[in-house]
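These notes concern the structure reproduced below.
Here the structure is a predicted model, which means the values were calculated and not measured.
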Amino acid sequence: MNPMKTTDKNISRRDRIRGCLIGGAAGDALGYAIEFCGEEEIFSRFGRPGITEYERDAHTGPALISDDTQMTLFTAEGLLAAGVGEKYPEDRTRMRHTVARAYQDWLRTQEMSWEEARKVLAAETGREECDGQSGQPGQDEAGPPLRLALIPDLYSPRAPGNTCLSALRGQRRMHHLPEDFIREPQNHSKGCGGIMRVAPLGLCCPAEAAENVAWEGAQIAAITHGGLLGYMSAAVAAQIIHRLVFGPDGLSLKEIVREARETAAGLFRGYQDLEVLLRIIDLALELSGNTAPDLENIHRLGEGWVAEETLGIALYCALRHTDDFSAALTAAVNHRGDSDSTGAVTGNILGALHGYDALDDKWKTGLELHGVILRLADALAGPAESQR
Ligand SMILES: [Mg+2]
């Protein structure tokens with residue numbers, strides 16, 4: 001079988017952008033149900049190969065997304081607020097700060113109930129009442145623009161990472177945020193809380209140079225994750241997604257991964273731990289071509305709690321199952337590690353490659369905030385498409 005390439009003209013940029021965000025949310029939701037389960041538990045509950053379809057929430061109905069998708073949506077909102085166009089805005093510091101402020105909105109969703117938040121929001125706008133938004137499609141054309149802080153369903157902690165919480169709480173008290181989060185690290189964490197939320201960096205600004213996408217992906221991850229591997233891994237993921245959506249026709253996923261590896265090798269030359277990052281990318285490329293079972297290969301890449309392992313597992317699953325989104329997602333979540341994050345990044349990559357329309361209906365039906373995610377994807381596609 002010929003590996004799927006990015007030549008398919010039937011897939012519009014808008015469809016790839018939608019596919020990336022919905023694909024990521026699908027992997028996140030599939031994995032969230034088993035995020036903290038060991039393999040014995042997963043396979044005794046679901047049989048082999050493990051969980052293959054959403055577990056719906058017993059109380060509210062839909063398959064729940066986790067903090068990974070929540071924060072990805074706030075990344076998108078922050079970039080839109082910063083005014084992304086053909087390229088990132090010239091004032092990169094302002095762009096980073098605008099995204100950091102969007103993360104403060106996310107932090108509020110983790111600390112307050114909607115009822116508490118609506119009072120705070122009403123006070124901020126000088127109104128007596130603050131209404132929520134449903135975020136469903138159909139509301140967009142005539143109604144007010146989507147605002148994540150007004151969506152009651154987002155006010156729900158979904159196992160948020162402690163590093164994200166503590167870094168953002170620290171920034172809430174700062175008078176001046178750093179201009180450059182890489183040069184002024186907020187901590188030394190290389191957890192996967194950065195890489196899991198940077199996809200939107202690759203979903204806007206078609207004319208931006210690949211290495212700038214990688215660098216800003218790293219900067220946005222470093223808002224909360226100052227460990228080198230924490231942000232270098234995010235750089236690779238952001239560039240891969242950007243190339244899948246806006247890159248030249250005819251590249252295979254493998255070529256795009258190799259190219260992102262070279263960008264990282266140049267961009268981070270001399271950085272400690274660069275070799276670890278490059279080695280895990282090489283290992284993912286190598287393992288994707290063997291005949292061993294997925295689980296055996298994934299064990300060689302790690303568990304995904306740290307960013308370079310999340311990247312390695314996601315790349316492996318996407319490369320091994322390039323033409324089969326569902327098989328890739330199943331492989332990406334059914335292991336003892338950080339299933340929702342490895343699922344989210346795998347889904348981002350292959351969703352961007354296949355596009356939303358090509359995804360199986362089972363990933364679109366019953367997915368929490370499906371309409372909100374599509375609206376944000378289309379908002380990102382707006383500035384991107386207008387520059388074609
Ligand atoms: Mg999560």
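- Among residues at least two apart or in separate chains, salt bridge (charged side-chain N to carboxylate O under 4.0 Å, His left out) pairs with a member in residues 295-314 are Lys190-Glu308, Glu303-Arg336.
- Open room surrounds CZ on Arg127; 12 or fewer heavy atoms of other groups in view lie less than 6.0 Å from it.
- Between Asp68 and Arg158 there is no salt bridge, since no side-chain nitrogen of the basic residue lies less than 4.0 Å from a carboxylate oxygen of the acidic one.
- Side-chain atoms of Thr98 do not come within 3.5 Å of backbone N or O of Ala82 as any donor-acceptor pair.
- The aromatic rings of Tyr231 and Phe268 are tilted relative to each other, their planes meeting at an angle between 30° and 60°.
- Nearest heavy atoms, Leu244 versus Arg16: O-CD, 3.4 Å.
- Cation-pi geometry between Lys362 and Tyr54 is not met at under 6.0 angstrom from the ring centre and within 45 degrees of the axis.
- For Glu179, the CD atom sits in a loose shell: 12 or fewer heavy atoms of surrounding residues, nucleotides or ligands are nearer than 6.0 Å.
- A pairwise comparison of heavy atoms in Gln272 and Met232 identifies O-CE, 3.7 Å as the closest pair.
- The aromatic rings of Phe325 and Trp363 sit perpendicular to each other, their planes meeting at more than 60°, with 30° as the lower class boundary.
- Scanning all heavy atoms of the two residues, the minimum distance from Ala307 to Leu229 falls at CB-O, 3.6 Å.
- Across all their heavy atoms, Ala214 and Leu267 have their closest contact at CB-CD2, 3.7 Å.
- No donor-acceptor pair closer than 3.5 Å links the side chain of Gln171 to the backbone N or O of Ser166.
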